[in-house]
Student: 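Take a look at this one; I'll ask things after.
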Amino acid sequence: MKNKLILILLMFTSIFFLVSCDNEGKKNYQNSSLDIEGNIVINTKDVTETPTFINYDADGTTVQLIAVKASDETIRLAFNTCQSCNPSPKAYFIQEDEYLVCQACGTKFKMDEVGITHGGCNPAPVVEKKESDDKIIISKDYVLSYKDKFENWEGITK
């Protein structure tokens, strides 16, 4: 009887742990929205202070972007690969508190620096984009020019 009680407690604990695990980061991974030409369209009203990781299928290779609203309310964009650590498969960033952390070397990067800082251990800024009041469009050709940086990439996509 005692063994059954322990087994039941273990089952409930396991279920509770699985259900209550932090899935907050998982909801911030999404597939890209595209226009009829295959360009990425980002609705700026959907971008918050919590980074959104946007997956783009580049002929079978996932190219991932980071979109985040900075403290000055501007929308910042970068490719989710480290400029220094690439081509390491771990050259990608995940969110830890108010930082993005490179999974290859552990360097912490402030959210407000996304899309601004060039060179070094940080996400590669998106420099070619068209912006309007409520949308940002990134051309398919520009995203495809980064495809080779993601060929060995092992980042999180969902």
Side-chain angles (χ1 to χ4, degrees), residues 19-158:
V19 170
S20 65
C21 276
D22 181 14
N23 287 324
E24 287 301 304
K26 289 189 177 189
K27 72 178 183 181
N28 297 319
Y29 292 86
Q30 64 186 36
N31 292 326
S32 56
S33 296
L34 306 176
D35 65 14
I36 59 171
E37 296 165 354
N39 301 316
I40 295 176
V41 178
I42 299 169
N43 185 339
T44 57
K45 293 175 184 170
D46 295 337
V47 180
T48 67
E49 294 80 14
T50 301
T52 300
F53 298 90
I54 302 166
N55 302 313
Y56 180 83
D57 182 357
D59 304 321
T61 298
T62 298
V63 174
Q64 191 175 81
L65 300 165
I66 302 169
V68 66
K69 185 183 288 186
S71 61
D72 66 1
E73 300 293 311
T74 60
I75 305 300
R76 307 289 176 84
L77 295 169
F79 290 95
N80 191 9
T81 188
C82 179
Q83 293 184 63
S84 292
C85 298
N86 191 290
S88 167
K90 300 289 184 194
Y92 63 92
F93 293 83
I94 62 168
Q95 180 186 5
E96 288 183 13
D97 300 318
E98 71 274 10
Y99 294 97
L100 291 173
V101 179
C102 178
Q103 298 305 287
C105 70
T107 297
K108 291 184 176 184
F109 188 76
K110 293 179 183 178
M111 298 289 179
D112 278 355
E113 301 286 322
V114 171
I116 301 285
T117 305
H118 294 261
C121 185
N122 54 66
V126 172
V127 294
E128 293 183 24
K129 60 189 178 232
K130 293 179 187 174
E131 298 183 57
S132 69
D133 289 340
D134 61 347
K135 290 184 178 145
I136 298 173
I137 299 173
I138 306 165
S139 80
K140 174 183 177 179
D141 292 336
Y142 179 63
V143 176
L144 289 174
S145 74
Y146 274 79
K147 178 182 173 182
D148 65 323
K149 304 233 182 265
F150 287 85
E151 288 178 348
N152 296 318
W153 186 83
E154 294 177 355
I156 300 165
T157 58
K158 53 184 172 175

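Only this structure's heavy atoms are used, side chains among them; waters, hydrogens and symmetry mates stay out.
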Student: Just wondering, do Lys129 and Ile42 contact through their side chains at under 4.5 Å, heavy atoms?
Tutor: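 A side-chain contact under 4.5 Å is absent here.
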Student: Does some side-chain heavy atom of Asn122 sit less than 4.5 Å from a side-chain heavy atom of Ile116?
Tutor: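 Not in contact.
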Student: If we ignore angles and hydrogens, is there a donor and acceptor under 3.5 Å between the side chains of Asp72 and Thr74?
Tutor: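 Their side chains do contain a donor-acceptor pair, which is all the 3.5 Å distance test asks for.
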Student: Out of the candidates Lys69, Glu49, Gln95, only one should pair with Met111 under the side chain to side chain contact (heavy atoms under 4.5 Å, CB included) rule; please name it.
Tutor: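 Answer to the side chain to side chain contact (heavy atoms under 4.5 Å, CB included) test with Met111 among Lys69, Glu49, Gln95: Gln95.
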Student: Are any side-chain N or O atoms of Glu113 and backbone N or O atoms of Gly115, one a donor and one an acceptor, separated by less than 3.5 Å?
Tutor: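 Here the side-chain-to-backbone pair does not exist.
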Student: With a 4.5 Å cut-off on side-chain heavy atoms, are Phe109 and Val114 touching?
Tutor: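 Sidechains of Phe109 and Val114: in contact.
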Student: Angle between ring planes, Phe150 versus Phe79, binned at 30° and 60°: parallel, tilted or perpendicular?
Tutor: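 Ring orientation of Phe150 relative to Phe79: tilted.
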Student: Would you confirm whether Gln103, through its side chain, and Val101, through its main-chain N or O, come within 3.5 Å as a donor-acceptor pair?
Tutor: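 Answer holds: yes.
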Student: Looking at Asn80, is its backbone amide N or carbonyl O close enough to the side chain of Trp153 to form a donor-acceptor pair, meaning the two atoms are under 3.5 Å apart?
Tutor: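 Such a contact is found between Trp153 side chain and Asn80 backbone.
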Student: Please check: side-chain N/O of Ser32 versus main-chain N/O of Asn55, any donor-acceptor pairing under 3.5 Å?
Tutor: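 Side chain of Ser32 to backbone of Asn55, a donor-acceptor pair under 3.5 Å: yes, one is there.
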Student: If we ignore hydrogens and angles and just use 3.5 Å, is the side chain of Asn86 paired with the main-chain N or O of Lys149 as donor and acceptor?
Tutor: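 Between the backbone of Lys149 and the side chain of Asn86 there is a qualifying donor-acceptor contact (under 3.5 Å).
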Student: Measure from the side-chain N and O atoms of Asn39 to the backbone N and O of Lys140, and report whether any donor-acceptor pair falls under 3.5 Å.
Tutor: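 Checked: pair present.
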Student: Does the distance from a Lys or Arg side-chain N to an Asp or Glu carboxylate O, for Lys147 and Glu151, drop under 4.0 Å?
Tutor: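 Salt bridge absent between Lys147 and Glu151.
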Student: Can you tell if the side chain of Pro51 reaches within under 4.5 Å of the side chain of Leu100, non-hydrogen atoms only?
Tutor: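 Answer yes - side chains close enough.
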Student: I'd like to know if Lys90 and Glu154 make a salt bridge, using a cut-off of under 4.0 Å between side-chain N and carboxylate O.
Tutor: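 Salt bridge flag = yes for Glu154 with Lys90.
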